[in-house]
Amino acid sequence: MLRDRIGAGWGSGLLGVLIFSGSLPATRVAVAGFSPLFLTSARAVIAALIGGACLVLLRQKRPARADLGPLAIVAVGVVLGFPLLTALALQHIPAARSIVFVGLLPLATALFGVLRGGERPKPAFWLFSVLGAVTVAGFAFAHSDGGSLTGDLLMIAAILLCGLGYAEGAALSRRLGGWQVISWALLLSLPAMAALALMFLPASWQGIGTPAWLGLAYVSVFSMLVGFVFWYRGLALGGIAGVGQLQLLQPFFGLMLAGLLLNEPVAWTMIAATGVVVLCVAGAKRFA
């Protein structure tokens, strides 16, 4: 049934968002030990090796020639563009400020879902989408320690590329399957990413602490591969524009994780903003 299919899509998308919630904090930790270029390329290489092994072991069909262009867009958007640009941006701005821009990602995904996925949400959907983006951005801006023009521009570019990669990958997932899309995109980018990783190998491995290694492991296995398995499946089943609004919850999940794992304070304003965002997501789901 259509209702069951959409419900499964939203559930799968929510799991993807929960996994992605740890990405920016993990990246912030990892860039303390690795350069942004090495981190971006190494995480892609590790994920590509895992994804490639799954493709071989499960004997998946190769994508058609017509799929190579869209797969290249996915690779540029989510394998190279977003990880690299956010890693560079986090050298200029704090992680809290990056949430300002992550709050715009659902809107970017919805726009590209219309342009690339052929979706046509109802007018009320855009009202809830913009309201949710403004709520997240306003909350993050109020709790940000400031930033720089360079960091802000890098985050804007990252969001645009990521939204395009999400929409393109979701459309492909309807034909190839969610985990297959990200695995093929990773394999497509493997030669370039491997060369980049070798070029930017750390001069010394001794000064790299355990937190940086854990951060690299998280963004390689979960942020770069496992999260996309659920995310692309969710977008394909539940709709790019609608399920994409679940990303509005990602900053708050991240802050809650920080409160639970790092004993950081959870302000009442965060709880209030989360409530508003939940209502916006529900409204967007209703009119998607």
Side-chain angles (χ1 to χ4, degrees), residues 12-52 54 74-91 95 98-99 101-103 105-106 108-109 154-155 158-159 161-166 169-170 173 178-187 189-190 193 196-197 211-235 243-244 246-258 261-262:
S12 184
L14 183 60
L15 282 174
V17 168
L18 285 169
I19 292 170
F20 290 149
S21 296
S23 297
L24 284 176
T27 299
R28 181 72 169 173
V29 171
V31 294
F34 302 104
S35 71
L37 283 169
F38 177 77
L39 177 64
T40 300
S41 54
R43 66 187 276 182
V45 169
I46 294 169
L49 293 176
I50 298 172
C54 292
V74 174
V76 170
V78 304
V79 177
L80 175 62
F82 185 75
L84 175 59
L85 293 174
T86 52
L88 291 171
L90 287 169
Q91 291 189 320
S98 68
I99 297 174
F101 301 95
V102 173
L105 185 52
T109 303
L154 286 168
M155 282 302 303
I159 293 305
L161 281 177
C162 191
L164 175 60
Y166 280 169
S173 294
W179 74 268
Q180 292 93 332
V181 166
I182 190 59
S183 296
W184 286 119
L186 286 163
L187 278 182
S189 64
L190 180 57
M193 292 295 99
L196 199 62
W213 284 108
L214 292 175
L216 173 60
Y218 187 91
V219 297
S220 299
V221 178
F222 293 97
S223 303
M224 198 77 265
L225 185 61
V226 177
F228 280 102
V229 173
F230 296 104
W231 183 240
Y232 277 148
R233 180 176 183 272
L235 292 175
V243 173
L246 286 169
Q247 295 166 106
L248 289 170
L249 297 170
Q250 184 173 323
F252 301 102
F253 287 150
L255 291 171
M256 288 176 185
L257 284 173
L261 300 177
L262 304 177

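Bear in mind that the values here come from a model prediction, so they are computed numbers and not experimental data.
Listed by chain and number, the residues in a side-chain contact (heavy atoms from CB on, under 4.5 Å) with Val226 are Ile19, Val221, Phe222, Phe230 (sequence neighbours excluded). Taking the side-chain contact (heavy atoms from CB on, under 4.5 Å) definition, one finds that Ser223 meets it with Ser23, Arg43, Tyr218, Val219, sequence neighbours left out. Thr109 meets the side chain to side chain donor-acceptor pair (under 3.5 Å) test with Gln247; sequence neighbours excluded.
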List the steps, then state whether side-chain contact (heavy atoms from CB on, under 4.5 Å) holds for Ile182 with Val78. CA-CA 9 Å; Ile182 190 59; Val78 304; 4.0 Å; yes

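Nearest heavy-atom pair across Ala42 and Ser220 is O-OG, 4.4 Å. Closest of all the heavy-atom pairs between Ala185 and Ala75 is O-CB, 3.7 Å. Minimum interatomic distance between Val79 and Thr40 (heavy atoms only, all atoms of both residues): O-CG2, 4.1 Å. Between Ala48 and Leu187, the closest heavy-atom pair is O-CD2, 3.8 Å. Between Leu225 and Gly51 the shortest heavy-atom distance is CD2-N, 4.0 Å. Residues Gly178 and Ser173 come closest through the heavy atom pair CA-OG, 3.6 Å.
Atom CG in Leu14 sits 9.5 Å away from atom CH2 in Trp231 (nearest 0.5 Å). The distance from atom CD1 of Ile159 to atom CG of Leu161, rounded to the nearest 0.5 Å, is 9.5 Å.
Considering only heavy atoms from C-beta on, Leu246 stays 4.5 Å or farther from Pro106 through its side chain. Contact of the Leu37 side chain with the Leu196 side chain is registered, since non-hydrogen atoms from C-beta on lie closer than 4.5 Å. A heavy-atom distance below 4.5 Å is not found between the side chains of Leu80 and Ser189. The closest side-chain heavy-atom distance from Trp179 to Tyr232 is not below 4.5 Å. In this structure the side chain of Leu85 never reaches within 4.5 angstrom of the side chain of Met155, judged on heavy atoms. Counting heavy atoms from C-beta outward, Leu39 and Thr27 have side chains that approach closer than 4.5 Å.
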